[in-house]
Amino acid sequence: MTRTTPERPMDIEEVIPELAEYRGIATRLHPRPGAPGPGESSVGGPFLWPADEPWPMCTEPHKRRFGERLSDVRLRRKILAEAWSRQSAPGQPEGPTDEEFETLGSLKRGRHAPWLADTDPIPLMRVAQLYTRDVPGLSLPGGSDLLQVFWCPFNAHGEERNVAVHLYWRKASEVSEVLAEQPEPEVVGRDDYVPAPCVLHPEQVTEHQWGDLLPYAIRAQLDEWEDWEDEDAVSYQSDLSIPPGWKVGGFAPWPLTGPQEIVCQCGQQMDLLLTIDSREWDSGTRSWVPIEDRGVADTDANTPTQVVVGRGGRLMVFVCPSDWSHPHRIVLQ
Ligand SMILES: [Zn+2]
Ligand SMILES: [Zn+2]
């Protein structure tokens with residue numbers, strides 16, 4: 001099924017024509033639970049990874065003994081999904097059974113990998129794989145057509161103690177044999193960093209620059225236009241600026257810190273490559289719910305990947321516009 005973003009509740013460029021200069025295009029990825037294969041674009045699915053290429057590992061020094069077992073995270077999700085599906089069937093008991101409760105209670109954080117020293121390499125986790133043929137607007141260096149995004153699922157990297165994001169790009173046609181058993185870390189720092197397997201339904205949408213980055217004259221007109229009294233009124237930030245959810249390209253939102261300049265070591269302004277969002281929509285961004293999802297808008301359908309970054313916000317990956325070998329930057333908002 002495709003996913004279709006509804007038309008914006010109003011055409012803001014009719015009210016403020018100058019906003020046309022601050023119009024952009026992004027590709028919403030619309031991840032939804034599924035069973036993707038290595039030949040498909042996905043979140044949390046198997047990668048088209050060559051059988052003869054070493055799997056990337058995290059070797060940065062940090063603790064990796066303590067956390068949740070990856071197998072426990074998946075078991076908990078399975079039990080809860082089953083309990084939830086029973087609940088919606090008539091005549092079935094509500095919620096997990098006693099036995100399931102006991103199992104859930106036994107899945108605890110702990111020192112589950114006591115043999116790991118702080119510098120022992122651990123496999124990076126698959127986050128997303130994007131084929132350029134599926135994702136309009138995604139262009140990769142050197143004629144590559146496949147982007148593979150990994151992270152190390154511990155809040156332990158860099159000054160900001162984040163996950164470590166690693167990017168790989170390649171030509172899919174150069175992969176002859178796909179690695180069958182793809183390594184995974186045994187322990188993760190947070191279950192929030194374990195993406196549930198999702199297929200993607202990429203869709204290009206129009207967006208407008210984040211309000212604080214608009215020229216003063218336009219902001220003044222927007223202030224005049226906004227209905228600050230009615231919480232149900234159309235709002236620039238919620239409905240007309242930047243869509244929620246996982247996306248490629250487009251503008252960056254700055255709700256936490258206000259706008260920041262993201263500058264590469266070579267001095268250039270960096271491009272927003274990928275946004276990883278904790279929710280596909282919430283009560284403030286209902287107008288972006290795809291038409292096909294309106295029936296489930298009030299369920300947990302807004303958290304298909306089960307990934308939560310920061311305190312429920314977004315993690316954005318920026319790359320150098322001229323050379324992807326320059327270090328990328330990640331920003332939480
Ligand atoms: Zn790490
Ligand atoms: Zn650069």
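Residues: numbered from 1 along the sequence shown. When a ligand or atom number is given, it counts from 1 through the structure's own listing order.
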Original post:
Of all N/O/S atoms in H157, which lies nearest to the Zn ion (ligand 1)?
Top reply: NE2
Subject >> Cation-pi, W49 ring and R170 (6.0 angstrom, 45 degrees) >> reply: yes
Original post:
Does W246 have R279 sitting over its ring (NZ/CZ under 6.0 Å from centre, angle to axis within 45°)?
Top reply: no
Subject >> Vertex the Zn ion (ligand 2), arms to C320 SG and C264 SG, rounded to 10° >> reply: 120°
**OP:** Would you give the angle at the Zn ion (ligand 1) between H62 atom NE2 and C58 atom SG, to the nearest 10°?
**Re:** 110°
Original post:
Hey, quick one: are V73 and Y193 part of the same hydrophobic cluster, counting side-chain heavy atoms closer than 4.5 Å, chains of contacts allowed?
Top reply: yes
**OP:** To the nearest 10 degrees, could you say what angle the Zn ion (ligand 2) makes with SG of C266 and ND1 of H326?
**Re:** 110°
Subject >> Modelled atom types, side-chain donor and acceptor of E207 and S241, under 3.5 Å >> reply: no
